[in-house]
Amino acid sequence: MVRAGQIGPEVGSARPEADRWVVERPKRPEHGDLSTNVAMALAKTARKPPRAVAEALVAALRGLEGDVVAAAEVAGPGFVNLRLHPAVFQQEVERVLHAGAGWGRAPSAIGERIDIEFVSANPTGPVTVASGRNAVLGDSVARLLEASGHRVTREYYINDRGNQVRAFADSVRAAAEGREPPENGYKGAYVAELASWLKGVAPELLTGADVEALGRACVTWMLRGVPGSPTLPGIRPSLAALRVHFDVWFSEESLYRWDAVAAVMRQLEAGGYLVENDGALFFRAPDGALEDKDRVVRKSDGTWAYFASDIAYFADKIARGYERLINVLGADHHGYVARVRNALGALGLPQDRFEALLYQLVYITKGGEAVKSSKRAGNIVTVDEVMDEIDEAAGRKGAGADALRFFFLSRSANSNVEFDIELAKKKSLDNPVFYVQYGYARLRSIQRRAEEIGLAPRAVPLPGDLAMLSHPDELALCHKLSDFPGMIAEASRTREPHRVVFYVQELARDFQSYFTRLKNEQDPILPPRSVHANADWQGSWNVAKTRARLAWIEAIRITYAQALGIVGIEAPERMERPAEGDAADVVAEDAGDER
RNA sequence: GCCUCCGUAGCUCAGCGGAAGAGCACCGGGCUUCGAACCCGGGCGCAGAGGUUCGAAUCCUCUCGGGGGCUCCA
């Protein structure tokens with residue numbers, strides 16, 4: 001039975017997996033407010049045609065028509081479509097207002113302790129557009145998980161040792177000495193920039209023999225950024241500009257310093273999981289493992305491969321008590337998943353705690369032509385460049401972060417993304433994020449005007465007011481609001497923030513459509529100036545209806561704000577029309593992360 | 001060869017057992033009043049073939065096409 005004011009969750013819970021029937025929200029309004037296929041599912045056991053079962057069900061429902069169900073009818077092959085009383089939708093407004101900032105969110109007591117590791121790009125260059133997808137996806141999944149009651153730690157794993165760091169240090173040193181970078185070295189302009197900065201702050205590292213110390217210094221400044229340098233904004237500040245923040249920055253090198261790597265290797269050795277071949281050490285997965293290839297942990301030159309410290313790192317995370325370890329990884333790391341699970345199994349740790357969130361790669365094009373680039377070659381495009389361009393075009397700081405986040409989050413992780421430099425240049429203001437934000441600013445504008453004439457939009461509606469919500473668009477939007485908690489729960493469960501983006505886009509469209517319709521119907525929400533200029537305007541105006549609509553608008557605003565918060569997009573109080581003129585140049589690059 | 005993601009409207013993509021969608025582009029229309037960065041109207045589209053099912057864009061198999069992986073690895 002559907003209970004008034006509880007449309008959303010009831011729909012979600014009315015899904016016994018054992019049976020094959022559901023009560024669901026039809027996509028098309030002419031199919032009613034709720035719909036069920038139960039008659040079709042029962043037709044077989046009842047040995048009657050689906051429509052006959054449906055007719056019987058509708059006849060039984062007739063007696064129940066009352067406060068909730070307004071009409072029931074048989075449709076199509078045997079669907080039972082229900083129409084609900086307006087009161088069911090009207091009460092949804094109170095439900096949202098009552099929940100306020102907690103609307104759509106689950107209490108944190110029910111969740112897991114989750115560690116989500118994302119970005120973790122090699123700290124040998126600025127944050128690229130490709131890493132930007134990882135950052136935005138990981139961050140929004142983290143926000144979603146929190147919204148659905150989990151306790152989340154956001155973690156960035158710093159690969160601050162190994163071949164790449166050494167090559168980076170060598171390149172910086174070469175630049176400091178005016179030489180060409182070595183073979184496989186880094187060639188970007190920021191390398192020279194970093195070299196000249198280090199000359200000022202730590203010249204002894206550039207001339208000394210300790211490459212590892214130099215490498216650590218290079219990584220440190222790469223993460224922090226060099227003050228005032230456009231080519232070296234720093235990984236942490238760049239991510240912060242994208243509204244991506246971490247709780248833990250975990251150093252790979254520290255795993256060696258604490259002998260954590262040695263410890264797990266001893267354990268694997270004792271279990272017989274390590275085999276030597278041609279002077280190198282391999283991890284051999286247990287029989288029946290997910291993948292049976294041997295994986296290098298120590299190369300024949302005696303240096304440890306990344307996989308060695310990765311094992312120690314995962315063991316450390318489990319020791320820290322997380323119930324779930326999520327890694328956000330590009331599809332090119334897909335082979336890594338089985339390897340990590342095998343290693344956890346060999347250590348006697350629970351394999352199923354590790355969950356890989358894979359996303360397909362970002363392709364950079366320019367006017368439709370593929371652009372190949374890499375961090376080492378130095379022809380990268382950074383998130384900072386893109387965000388700056390869009391900020392400038394829109395005339396608002398943060399517009400670039402909004403546009404970039406929306407762009408990456410408006411498709412599923414399973415979908416390849418093409419990022420076209422030319423298009424980004426020309427079309428930055430066409431990003432649908434601005435449409436969505438405009439809708440929010442418009443809501444706030446109505447609320448401000450209401451306050452000016454003494455109608456506080458956030459006041460709880462008086463008893464009976466909400467019955468004034470009768471416009472079909474208003475009731476339809478109430479229904480849309482009732483979908484919100486279930487949508488959040490589902491998006492969290494499936495780790496799919498793009499659902500939130502689509503939802504908020506639909507919410508924006510529905511509201512803006514309604515708003516224009518009211519204008520055409522000459523049925524304004526607020527009294528026009530000619531009315532409220534009169535001192536006792538409240539006597540000649542349907543104030544209850546206005547109060548109801550303002551309460552309803554506040555419910556929409558709350559939902560809007562919650563949705564935007566989860567995808568990390570700003571909900572602006574106002575939006576000014578951007579200045580005329582061409583958008584400035586925007587550049588981009590590809591998934592050139594060598595990790 | 002094996003594993004994996006994808007193929008839905010001109011383009012970019014949602015939908016992933018239940019009654020085919022959005023944005024952009026294109027064509028036409030709409031601002032004296034609460035924000036036109038807007039709204040309204042215009043669509044012969046699920047790569048192909050089998051199978052499972054009352055019902056398949058959705059699940060299974062195969063074919064075709066594209067992306068990504070597959071032991072001294074970043």
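In what follows, every chain begins at residue 1, and chains take the letters A, B, ... in the order their sequences are listed.
To the nearest angstrom, P of B/U71 lies 16 Å from CG of A/Asp278. Remark: C1' of B/C38 and CZ of A/Arg517 are 13 Å apart, rounded to the nearest angstrom. Between the CG atom of A/Leu281 and the P atom of B/C72 there is a distance of 14 Å, rounded to whole Å. One atom, CG of A/Leu361, and another, P of B/G68, lie 7 Å apart when rounded to the nearest Å. Atom CD in A/Glu490 sits about 11 Å away from atom P in B/G15, given to the nearest Å. In this structure, A/Leu507 places its CG atom 14 Å from P of B/G23, rounding to the nearest Å. With rounding to whole Å, A/Phe406 atom CZ is found 13 Å from B/A14 atom P. With rounding to whole Å, A/Asp294 atom CG is found 11 Å from B/U71 atom P.
A/Ser300 comes within 4.0 angstrom of a nucleotide base, judged by non-hydrogen atoms across all strands. If you check every strand for non-hydrogen atoms under 4.0 Å, A/Asp430 touches nothing. Across all strands shown, A/Asp301 has no heavy atoms under 4.0 Å from either base or sugar-phosphate atoms. When heavy atoms are screened at a 4.0 angstrom cut-off, A/Asn81 is found touching base atoms of the nucleic acid.
Looking only at distances, a side-chain donor or acceptor of A/Tyr156 sits under 3.5 Å from a matching main-chain atom of A/Ala121. A side-chain donor-acceptor contact under 3.5 Å links A/Trp552 to the backbone of A/Glu474.
In this structure, A/Ala489 has no side-chain contact (heavy atoms from CB on, under 4.5 Å) partners at least two apart in sequence or on a different chain. Qualifying side chain to side chain donor-acceptor pair (under 3.5 Å) partners for A/Arg405, counting only residues two or more places apart in sequence or in other chains: A/Asp139, A/Ser140. Under the side-chain contact (heavy atoms from CB on, under 4.5 Å) criterion, A/Ala561 pairs with A/Tyr440, A/Arg557, not counting sequence neighbours. The side chain to side chain donor-acceptor pair (under 3.5 Å) test applied to A/Glu521 returns A/His471, not counting sequence neighbours. The side chain to side chain donor-acceptor pair (under 3.5 Å) check on A/Ser171 picks up nothing, with sequence neighbours excluded. Residues forming a side chain to side chain donor-acceptor pair (under 3.5 Å) with A/Arg517 (at least two apart in sequence, or on another chain): A/Asp473, A/Ser513.
Contact check for A/Phe118 versus A/Val141: no side-chain heavy atoms found under the 4.5 Å cut-off.
By the 5.5 Å and 30° criteria, A/His31 is stacked with the base of B/A19.
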Between side-chain atoms of residues 498-505 of chain A and protein atoms elsewhere (two or more places apart, or another chain), which donor-acceptor pairs fall under 3.5 Å?
| from | atom 1 | to | atom 2 | distance (Å) |
| --- | --- | --- | --- | --- |
| A/Arg499 | NE | A/Glu496 | OE1 | 2.7 |
| A/Arg499 | NH2 | A/Glu496 | OE1 | 2.9 |
| A/Tyr503 | OH | A/Lys480 | O | 2.7 |

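For the C1' atom pair drawn from B/C64 and B/U12, the interatomic distance equals 23 Å after rounding to whole Å. For B/C16 and B/A56, the C1' atoms lie 10 Å apart once the distance is rounded to whole Å. Atom C1' of B/A19 sits at a distance of 11 Å from the matching atom of B/G55, rounded to the whole Å. Comparing B/G10 with B/C44, their P atoms sit 10 Å apart, to the nearest whole Å. Comparing the C1' positions of B/C6 and B/G43 gives a spacing of 25 Å, expressed to the nearest Å. For B/C54 and B/A49, the C1' atoms lie 23 Å apart once the distance is rounded to whole Å. Taking atom C1' in both B/G17 and B/G51, one finds a spacing of 15 Å when rounded to whole Å. The separation of B/G23 from B/C59, taken at their P atoms, amounts to 26 Å, rounded to a whole angstrom.
For A/Tyr435, the side-chain atoms get nearest to B/C39 when compared with the rest of B/C39, B/C72, B/G18. Picking from B/C54, B/A19, B/G23 the nucleotide with the shortest atom distance to the side chain of A/Gln505 gives B/G23.
No side-chain donor-acceptor contact under 3.5 Å links A/Asn327 and A/Tyr157.
Nucleotide B/C54 forms a Watson-Crick or G-U wobble pair with B/G18, both donor-acceptor distances falling under 3.5 Å. Across all strands shown, B/G1 pairs with B/C70; the Watson-Crick or G-U wobble distances both stay below 3.5 Å. For B/A47, the paired nucleotide is B/U63, the pair qualifying as Watson-Crick or G-U wobble because both relevant distances are below 3.5 Å.
Between the side chain of A/Asn37 and the base of B/G18, at least one donor-acceptor pair of N or O atoms lies under 3.5 Å.
Residues A/Tyr514 and A/Thr36 each lie close to RNA chain B; by heavy-atom proximity, the contact nearer the 5' end of the strand is made by A/Thr36.
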Check your understanding: What is the per-nucleotide protein-contact pattern of nucleotides 3-13 of chain B, from the 5' end, where B denotes a base atom under 4.0 Å from a protein heavy atom, S denotes such proximity for sugar-phosphate atoms only, and - denotes neither?
Key -> BSSS-----SS
Review point. What one-letter contact string describes nucleotides 30-35 of chain B from 5' to 3', where B marks a base within less than 4.0 Å of any protein heavy atom, S marks contact via sugar-phosphate atoms alone, and - marks no contact?
Key: ---BBB
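The line from NZ of A/Lys187 to NZ of A/Lys375 is 15.0 Å long, rounded to the nearest 0.5 Å.
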